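Residues: numbered from 1 along the sequence shown. We count ligands from 1, going down the list as the structure has it; atoms in each ligand are counted the same way. Only a predicted model underlies this, so the values are computations on that prediction, with no experimental measurement involved.
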Amino acid sequence: MTLRLFVPRDAGAIACGADEVAAALKVAAIARGLDVEIIRNGSRGLYWLEPLVEVATPIGRLGYGPATPEDADSLIAAITGSGEHPLAVGRPEDLPFLKRQTRLTFARHGLVDPRSLDDYRAHGGLKGLEKAIAIGPVATVDEVFKSGLRGRGGAGFPTGIKWKTVAEAKGAQKYIVCNADEGDSGTFADRMVMEGDPFCLIEGMAIAGLATGATKGYVYIRSEYPHAIAAMNIAIEKARRGGLLGTSLLGSAYAYDMEVRVGAGAYVCGEETSLLQSLEGKRGTVRAKPPLPAHKGLFGQPTVINNVLSLATAPIILAEGADAYRDYGMGRSRGTMPIQLAGNLNYGGLFETAFGITLGELVDDIGGGCFTGRPVKAVQVGGPLGAYFPRTLFDTPFDYESFAAKDGLIGHGGIVVFDDSVDMRRQAQFAMEFCAIESCGKCTPCRIGATRGAETIGKIIAGRDVTRNIAIVEDLCQTMKFGSLCALGGFTPYPVLSAIRHFPEDFHRASFREAAE
Ligand SMILES: Cc1cc2nc3c(=O)[nH]c(=O)nc-3n(C[C@H](O)[C@H](O)[C@H](O)COP(=O)(O)O)c2cc1C
Ligand code: SF4
């Protein structure tokens, strides 16, 4: 009997030594005369256990982690013997971190072989596209609209409305562009989809193409994601050969094909108009809107631009029906969100759950508090443009409106945790510095404002004229918020102002020095 082992090919697992572990397991198995198959699956998203080795057994898969190459021999002995081993974690599904999740977008994650279209189909893949083909473009758009799905890239715009606009726009060639630039700090869900379940993204893009009349698509991936680029290229080629892409989608009358495009890795190239400029071979600078990309996007043609997660959620919405998806969530935030827990946490990873869970549950309960053992002081939600939340706001439910009501944003669902050793003045200065470095330079509030902001916070840190300089920073933030052309300059005030508002003791530490002088 063949011994079936699973070792993730996910970049996070590889960074922890998954390739070496896979190689060592093979040597150890062969040395014992075993017939072994090692499947390089996606990560389950329990990153503190990576590399997580799994073995197929009659009672399901059993996990062992975090494994090192030195563990290979004892692991093979345990797997083929009693199963007992210090690294044994039992069935991954039974671990609270996975058990408490509602995995819809990530339903197949870690289960399938990302390089096998047959395996994808065997795990329920392609049902969404089959449904879209059966019901046609108008009903497909309607289904996505009814699901309540909102763009997972940050802005939370209803995906169904975006698709309807492109479907109704006139153009010789329409495009589907997948935004896989994923530059937010603490985010990795897009990368996980591309590396762990790439056919799901391809299926989602094909559904979007069918729904809108777009026959061509691009996945724009940053160059820092070599494993995702490779995974997508391999999957696209297999999808073409398997009839999931091409002139006849799954044998139907609909055509759609797509390619990978690699971006050089500028944060602003994640902004949709800047991304289009970059895709067209130009420098990544922001375009003024209107016209909207839905009317005049790539090469001046009607274009859907969606985040990886938005597109990868379309298949399950079509397969299970809009109502099944919108049953999850709260208020206007329907369905589930793949939340990414990162920073100073005991249990960092991918946690997909219905909107509505509180920030405190995510950080304390699921994330297990700080890895350093110190108290949690601040949590930045939504990437580098997201606000810092103090413990007093931990009862905030994770949904678009609740976060906006607290002057925050959920963005792409990244949560970065800091312990009490963090100096919030430096975090505020970092936000301005980040904006200054990443600014495309097109508008003055961002190009000049961010540099002046970083300098002024530097004066606060040095204890110079603190009260007056805080007032200057606050005033500058108003100018950036309301005068910037895009959200890079427009949202940088969120981390800066939240740091000033929620952590005044850090800022006035300098004031005390000023008073003493
Ligand atoms: C500075 C900046 C960076 C952005 N980076 C990303 C990104 O990496 N990925 C992404 O999907 N959206 C990003 N966005 C949002 C996109 O402009 C756009 O709203 C999104 O791709 C639309 O897809 P969605 O409706 O599926 O969210 C960024 C926006 C700004 C202003
Ligand atoms: S806000 Fe910054 S990144 Fe956005 S258009 Fe203006 S200069 Fe460019």
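- For F434 and Y267, the distance between ring centers is under 6.0 angstrom.
- With F389 as the fixed residue, the ring-ring contact (aromatic ring centres under 6.0 Å, His included) test singles out one of F403, F398, F503, F418: F403.
- The single protein non-hydrogen atom nearest to atom 8 (O) of ligand 1 is E182 N, 3.0 Å, given as residue, atom name and distance.
- Seen from the ring of Y325, K146 does not count as a face-on cation partner, given the 6.0 Å and 45° thresholds.
- Protein heavy atom in closest approach to atom 26 (O) of ligand 1: S310 OG, 2.6 Å.
- With respect to R222 and D181, a salt bridge is recorded, a charged nitrogen being found less than 4.0 Å from a carboxylate O.
- Distances from ligand 1 to the non-hydrogen atoms of K162 include at least one value under 4.0 Å.
- Residue-ligand proximity, D181 to ligand 1, at heavy-atom distances under 4.0 Å covers atoms 8 (O).
- Of the protein's non-hydrogen atoms, the one nearest atom 14 (N) of ligand 1 is G270 O, 3.3 Å.
- Shown in contact with L488 at under 4.0 Å from a heavy atom are these atoms of ligand 1, numbered in order with element: 1 (C), 31 (C).
- Side-chain atoms of Y328 and T102 include no donor-acceptor pair closer than 3.5 Å.
- When heavy-atom distances to ligand 1 are checked against a 4.0 Å cut-off, R152 comes that close only through its backbone atoms N, CA, C and O.
- Distance from atom 21 (O) of ligand 1 to its nearest protein heavy atom, with residue and atom name: N179 ND2, 2.9 Å.
- Panel note: side chain Q101, backbone F97; a donor-acceptor pair is recorded below 3.5 Å.
- The aromatic rings of Y175 and Y218 are tilted relative to each other, their planes meeting at an angle between 30° and 60°.
- No close placement of the F371 and W48 rings is indicated, their centers lying 6.0 Å or farther apart.
- Around atom 4 (Fe) of ligand 2, the protein contributes the following N, O or S atoms under 2.8 Å, ordered by chain and number: C486 SG.
- Protein heavy atom at the shortest distance from atom 27 (O) of ligand 1 is G153 N, 2.7 Å.
- By the criterion of a heavy-atom distance under 4.0 Å, neither the backbone nor the side chain of F491 is placed next to ligand 1.
- Between Y47 and F188, the ring planes are perpendicular. Angles over 60° get that label, and only those under 30° would be called parallel.
- Counting only heavy atoms of the protein, atom 18 (C) of ligand 1 lies nearest to E272 OE1, 3.6 Å.
- In terms of protein heavy atoms, atom 23 (O) of ligand 1 is closest to N307 N, 3.2 Å.
- Protein heavy atom closest to atom 1 (C) of ligand 1, with residue, atom name and distance, is Y267 CE2, 3.6 Å.
- Proximity of K174 to T303: side-chain heavy atoms (C-beta onward) are nowhere separated by under 4.5 Å.
- At a heavy-atom cutoff of 4.0 Å, ligand 1 is contacted by both the backbone and the side chain of E271.
- Considering only heavy atoms from C-beta on, T492 stays 4.5 Å or farther from K481 through its side chain.
- Within the listing of ligand 1, atoms 8 (O) sit less than 4.0 angstrom from a heavy atom of G183.
- The side-chain heavy atoms of Y400 and F355, taken from C-beta on, include a pair separated by under 4.5 Å.
- Atoms of ligand 2 found under 4.0 Å from any heavy atom of G441, numbered from 1 in the order shown, are 7 (S), 8 (Fe).
- Partner R40 forms a side chain to side chain contact (heavy atoms under 4.5 Å, CB included) with one of R115, E195, R9 and no other, that one being R9.
- For the residue pair H109 / N41, no side-chain donor-acceptor distance below 3.5 Å is found, with atom types taken as modelled.
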